[in-house]
Amino acid sequence: MTLAIVIVFLLGYLFITLEGNLKVNKTAIALLLSVVLWTMYTCGMDTFDHERFIEHIGDTSEIIFFLLGAMTIVEVVDSNGGFNFVRQKLATRSKHALLWRVVFISFLLSAILDNLTTTIVMVMVLRKLVVSKRTRMLYCGILVLAANAGGAFSPIGDITTIMLWIKGNVSTSGVISELLIPSLITVLIPAIVLHWQMKGKLRPIVDEPEGTEDKYDFSLTQRNVVFYVGVIGLVSVPVFKTLTGLPPFMGVILVLSILWIITEFFYSARKIENNRANRVSRVLHSIDMSTILFFLGILMAVAALEDTGVLMGFGKVLDDITGGNHYLVNGVIGVASSIVDNVPLVASCMGMYEIQPTGDFAQDGIFWQLLAFCAGTGGSILIIGSAAGVIVMGLEKISFGWYMRHFSLLAFLGMLSGMGAYYLQRLLFF
C-alpha cells in the first residue's frame, strides 16, 4: 500500500506541474490527491488514528487562516489606494535610478506583504512609468528576483517561509538576522549586471487625468490610516506571536478585525452606501480562494505521505548520498523549486526531517534556514518557478524563453552568491 501511495502522489504531483498543458486547475488536482491519499492510507490501516489526522488539519488550518487574513488585509489596503505612494517614490526618468528603486522597494515590500502582492502592485506601477515594452520587461525580470529574495528573509514574506515559521522550524529573529544579507546579495548581483547593460533615459511620464482620486471612497487622510493600520499590523504579527504565544493567524485576524472596524466607521462618517466594492465584506468575495484551497489540498496530501514514513526514509537516503551536506541538498531543492511548486517541496522536507533540540536541525539550524532561502530564491531561476514569475508572465506576456535568456543565469548566480554569503556569515559570526 505504501508503494501505491507514493506512485499516486508522484502522478498527482506531475499533473500539478503540467497544469498549463492539461488545462486543469492545479487546485482541483491537489484537493483530489489529498482525499485519495488519505483514503488509501486509512484503508491500509487496522485502526484510523483520528487524533493524528486532526493534528494535521490543525497545522494546515493555521497556514490557511494566516493567508486568508493577510490576503484580505492587503486587498483592502490596495483597493483604497494605499499603495499609491509606491508610484510617487519610483517616479524618475533615469533608467539606473528606477532600476535601484524597483529593486529596493520590491525587496522591502515583499518582506512586509508577500512576493505575490508586491509583484502585482509593482507591475501596475511600472506600466505607468515605463512606456517601452522591452525596457519594462527588463524591470519586471529584476522585480521577480527582488520580490522572491525579499520574501525569503521575512517570516511573513513568502509562503514557504511562513510554513517554516508557523511550524517552529525558524524564528522571527533568526530568519531575519541570518538571511537578510544573503537575500540582499542574491538580488544585488543580478541588479549590478543589469545596471551595466542599461543606457539612456526613459520617455517622459504621462500624468494621470484630473479626477483620478475620485475613484476612491476615502479621503487622502483616511487612505493613509488604512495603509498604516494594515501594513504596520502585518509587520507586528511576529511581535504578537512572541508576546502572547498564540499562533500567527490570531495576530492577522486581530489586524483584520481592527481594519474592518475602522473602515466601517469611515463609511458611516462619509455616509457611503453599504454595497461599495471596497468594503471588507465585499473584498472578501474577491480573495483568490483557489490559491487557499490549493494549499489545503497539497499540505494534506503531503501529510498523508508523511504518516506513511516515506518522507523520513527518503531524508535518510538523501543524507547518505550527499554525505549530510546541507548546502548541496538545499541547492538542489532551490533549483528544483524553479521547475515544480516550492510549497510541496518544502512541506516534504518538513516531513523528512524532525526539529531537533540542538544541531543543524534545531530551530534556526543551518538546514531550515537554507531551506527557506533556497526554496524562496531558487524559484527565480525560471519564470514558472514562483508566483511572482507567473504573475509577471501573465500580466506582461513575457515568454519562458526570453526570461531564460536574460535572467535565469543571473538568478542562479545570485542564489549561489547568497549561499556563499550565508556560509561566510555562519563561519565568521555564528
Side-chain angles (χ1 to χ4, degrees), residues 1-50 52-64 159-160 162-164 166-167 169 290-322 329-330 332-354 367 371 374-375 378-379 382 384-387:
M1 183 60 74
T2 299
L3 179 59
I5 289 175
V6 173
I7 292 174
V8 170
F9 178 82
L10 292 177
L11 285 174
Y13 199 101
L14 178 62
F15 290 150
I16 290 172
T17 305
L18 297 176
E19 175 190 21
N21 303 92
L22 298 175
K23 307 301 181 184
V24 177
N25 192 295
K26 64 181 180 182
T27 300
I29 298 173
L31 290 172
L32 177 62
L33 181 62
S34 66
V35 176
V36 171
L37 289 181
W38 275 105
T39 302
M40 294 175 66
Y41 180 59
T42 54
C43 289
M45 298 173 60
D46 295 330
T47 56
F48 175 55
D49 190 347
H50 188 265
R52 178 66 173 165
F53 182 78
I54 294 298
E55 183 180 333
H56 285 305
I57 286 290
D59 292 341
T60 301
S61 298
E62 284 191 32
I63 296 174
I64 289 175
I159 178 57
T160 52
I162 290 172
M163 289 164 58
L164 291 165
I166 290 177
K167 194 71 173 178
N169 302 73
S290 176
T291 298
I292 297 295
L293 290 175
F294 170 72
F295 289 132
L296 171 62
I298 200 65
L299 291 175
M300 288 305 294
V302 172
L305 201 64
E306 177 185 344
D307 274 15
T308 65
V310 171
L311 295 182
M312 191 72 71
F314 183 73
K316 293 177 181 178
V317 172
L318 197 60
D319 274 345
D320 292 338
I321 294 175
T322 61
V329 171
N330 283 291
V332 171
I333 291 172
V335 174
S337 70
S338 69
I339 303 172
V340 297
D341 198 292
N342 57 6
V343 172
L345 274 178
V346 172
S348 299
C349 289
M350 291 168 69
M352 289 180 199
Y353 307 98
E354 294 182 349
F367 181 85
L371 179 60
C374 292
L382 297 177
I384 61 171
S386 66

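Note that the numbering runs from 1 along the sequence shown for the chain.
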Distance check, rounded to the nearest 0.5 Å: [X] atom [atom1] versus [Y] atom [atom2]?
X: Leu14; Y: Ile29; atom1: CG; atom2: CD1; value: 9.0 Å
X: Leu296; Y: Ile63; atom1: CG; atom2: CD1; value: 11.0 Å
X: Asn169; Y: Thr160; atom1: CG; atom2: OG1; value: 11.5 Å
X: Lys167; Y: Asp59; atom1: NZ; atom2: CG; value: 3.5 Å

List the atom of [X], the atom of [Y], and the distance in Å for their closest heavy-atom pair.
X: Leu299; Y: Ala347; value: CD2-CB, 3.9 Å
X: Asp307; Y: Trp38; value: OD2-CH2, 3.6 Å
X: Ala30; Y: Ile298; value: CB-N, 3.9 Å
X: Val8; Y: Met40; value: CG2-SD, 3.8 Å
X: Asn330; Y: Cys374; value: O-CB, 3.2 Å
X: Gly378; Y: Ser338; value: O-CB, 3.2 Å

If we only count heavy atoms from C-beta on, is the Val24 to Phe15 side-chain gap below 4.5 Å?
no
Will you find, in the side chains of Thr308 and Thr2, an N or O donor that is under 3.5 Å from an N or O acceptor?
no
Would you say Thr60's side chain and Met300's backbone share a donor-acceptor pair under 3.5 angstrom?
no
